[in-house]
Amino acid sequence: MNCIESWKPVAAMVAVEFALAILNILFKKAMDGGMNHGIIVVYRQSISTIFLTPFAYIWERSSWSKLNIWLLGQIFLCALFGMTLTQYLFLVGLDYTSATFMCAFINMVPVFTFVLALPLGMESVKMNSKSGKAKFFGTLTCIVGVLILALYRGMPLIYSASNAAKKLEKPRNWGVGSVFLCAGGLAWSSWFLIQARIGQNYSHRYSSTSIMSFFSAVQSVVLCFFTIDRKNIISVWILRGELQILSVVYAGVVASGVCYVVMSCCVKQKGPVFTSAFTPLIQIFAAIFDVAVLHEDIYLGRIPCSRCGHVWSSLGQKQRSRDSKYR
């Protein structure tokens, strides 16, 4: 029985990462159809608030008296870093790159979380122990891996010839996308640490997540005010097609609703580093969906090597077609 209990957080986090990988694919297709990044976050967090509030009222309304200004301030920061900024920055980075590439940068989240947790006393490293050496070399491996991904394209593993025309029509800025993705990873890492503090003082996950979603919805509206073109201020709020509607509903109910509740519970039980350590699974799941659904190309890195028939400009735009041996 104890063995089953110990594996519950592991199974829960694997399910969370699978759900988030599906979300990345949905958002990529929605943004290819012209959906605005900020609008996605607003709808996502608004739906999450509506979805979670009844659960918080039914099961945790007696705990609302424990809320104070200090605790609400922590939840506000948690919403700002872990929901509003994280989701917006990742969406912008996703629009510039691909779902698989974005998920590769999510691998930096455990590293950022670990590094930020050290000065806060949430983690410690003893280099004389095996665990300390494993933490150090694991952190170094993640950093080197992401740098290789950002600076080296390499040979193709999977190439979709039918997708070549689409890429010519929509250039990608891999460099700018990398900056946004790194910033998003840093913001998400901050969420794990702040959430760990909140869990120590207020462990009611439905109430805290619903309040967090409400704060994030308000913050996202303010963000949209500064980022959306005034000429399209009305039209961008209109959801067009079943895909956009499905994307924001799935994001609000499953991703921001269920997944954040589960992650909050795991942070309280196992700590922020344990919970963030599962984020690399998103890349595995997303790569499968990326090839099967979006027909994206998979490479050993990003910038072309001398043996690859691709030539990319500084903006990541394809200049000439692939050598025939890769077709």
Side-chain angles (χ1 to χ4, degrees), residues 19-20 22-52 75-99 101-103 105-106 109 170-191 194 209-257 259-260 282 286:
L20 293 179
I22 295 176
L23 177 69
N24 293 335
I25 301 300
L26 289 174
F27 277 165
K28 182 61 177 176
K29 292 184 72 68
M31 288 187 297
D32 285 345
M35 195 172 185
N36 182 270
H37 317 102
I39 301 302
I40 291 177
V41 182
V42 173
Y43 280 128
R44 173 178 178 173
Q45 299 310 131
S46 300
I47 293 173
S48 176
T49 305
I50 296 171
F51 172 72
L52 290 173
I75 295 176
F76 182 87
L77 288 177
C78 216
L80 178 62
F81 287 103
M83 291 185 170
T84 306
L85 291 180
T86 294
Q87 293 169 14
Y88 181 79
L89 292 171
F90 273 140
L91 285 172
V92 175
L94 175 62
D95 198 26
Y96 279 123
T97 58
S98 68
F101 190 82
M102 185 199 76
C103 292
F105 273 81
I106 294 179
V109 172
K170 188 175 182 180
R172 291 177 178 175
N173 196 326
W174 300 90
V176 173
S178 299
V179 173
F180 278 104
L181 293 174
C182 277
L186 186 60
W188 197 10
S189 300
S190 303
W191 177 86
I194 301 173
T209 308
S210 61
I211 296 172
M212 202 182 306
S213 297
F214 172 75
F215 283 154
S216 179
V218 176
Q219 293 164 357
S220 301
V221 171
V222 176
L223 182 64
C224 287
F225 178 79
F226 291 101
T227 57
I228 294 179
D229 187 359
R230 298 293 186 275
K231 297 179 181 179
N232 302 322
I233 195 67
I234 303 297
S235 61
V236 293
W237 290 93
I238 302 174
L239 298 180
R240 296 176 176 84
E242 296 179 355
L243 177 62
Q244 293 188 0
I245 297 174
L246 174 63
S247 298
V248 296
V249 172
Y250 178 89
V253 174
V254 178
S256 288
C259 289
Y260 269 81
I282 300 180

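None of these values were measured; they are calculated from a predicted model.
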Interatomic spacing from [atom1] in [X] to [atom2] in [Y] - rounded to 0.5 Å:
{"X": "Leu89", "Y": "Leu186", "atom1": "CG", "atom2": "CG", "value": "9.5 Å"}
{"X": "Leu85", "Y": "Leu80", "atom1": "CG", "atom2": "CG", "value": "4.5 Å"}
{"X": "Gln87", "Y": "Leu223", "atom1": "CD", "atom2": "CG", "value": "11.0 Å"}
{"X": "Ile75", "Y": "Ile211", "atom1": "CD1", "atom2": "CD1", "value": "4.5 Å"}
{"X": "Leu23", "Y": "Phe90", "atom1": "CG", "atom2": "CZ", "value": "11.5 Å"}
{"X": "Leu26", "Y": "Ile40", "atom1": "CG", "atom2": "CD1", "value": "10.5 Å"}

*Verify the neighbour count for atom CZ of Phe51: are there more than 12 heavy atoms of other residues, nucleotides or ligands below 6.0 Å?*
yes

*Using the side chain to side chain contact (heavy atoms under 4.5 Å, CB included) rule, take Gln244 and Ile39 through it: C-alpha gap first, then chi angles, then the decisive distance, then the call.*
CA-CA 11 Å; Gln244 293 188 0; Ile39 301 302; over 6 Å; no

*Between Tyr250 (side chain) and Ile22 (backbone), is there a donor-acceptor pair under 3.5 Å?*
no

*asked:* Keeping Tyr43 on the side-chain end and Trp237 on the backbone end, is there a donor-acceptor pair under 3.5 Å?
replied: yes

_Consider side chain to side chain contact (heavy atoms under 4.5 Å, CB included). Of Ser216, Ser190, Ser189, which one does Phe81 pass it with?_
Ser190

*asked:* Under the rule for side chain to side chain donor-acceptor pair (under 3.5 Å), what residues qualify as partners of Gln219, not counting sequence neighbours?
replied: Thr84

*Contacts of Thr49 that satisfy side chain to side chain donor-acceptor pair (under 3.5 Å) - sequence neighbours left out*: none

Considering all heavy atoms, the nearest [X]-[Y] contact:
{"X": "Ser210", "Y": "Leu52", "answer": "CB-CB, 3.7 Å"}
{"X": "Ala251", "Y": "Phe27", "answer": "CB-CZ, 3.4 Å"}
{"X": "Val254", "Y": "Ala19", "answer": "CG1-CB, 4.0 Å"}
{"X": "Val42", "Y": "Ser220", "answer": "CG2-CB, 3.4 Å"}
{"X": "Thr86", "Y": "Trp188", "answer": "OG1-N, 3.1 Å"}
{"X": "Met83", "Y": "Ser256", "answer": "CE-O, 4.5 Å"}

*Sub-4.5 Å side-chain heavy-atom contact between Gln45 and Val218*: no

*Take the angle between the ring planes of His37 and Tyr88 and call it parallel below 30°, perpendicular above 60°, tilted in between.*
perpendicular

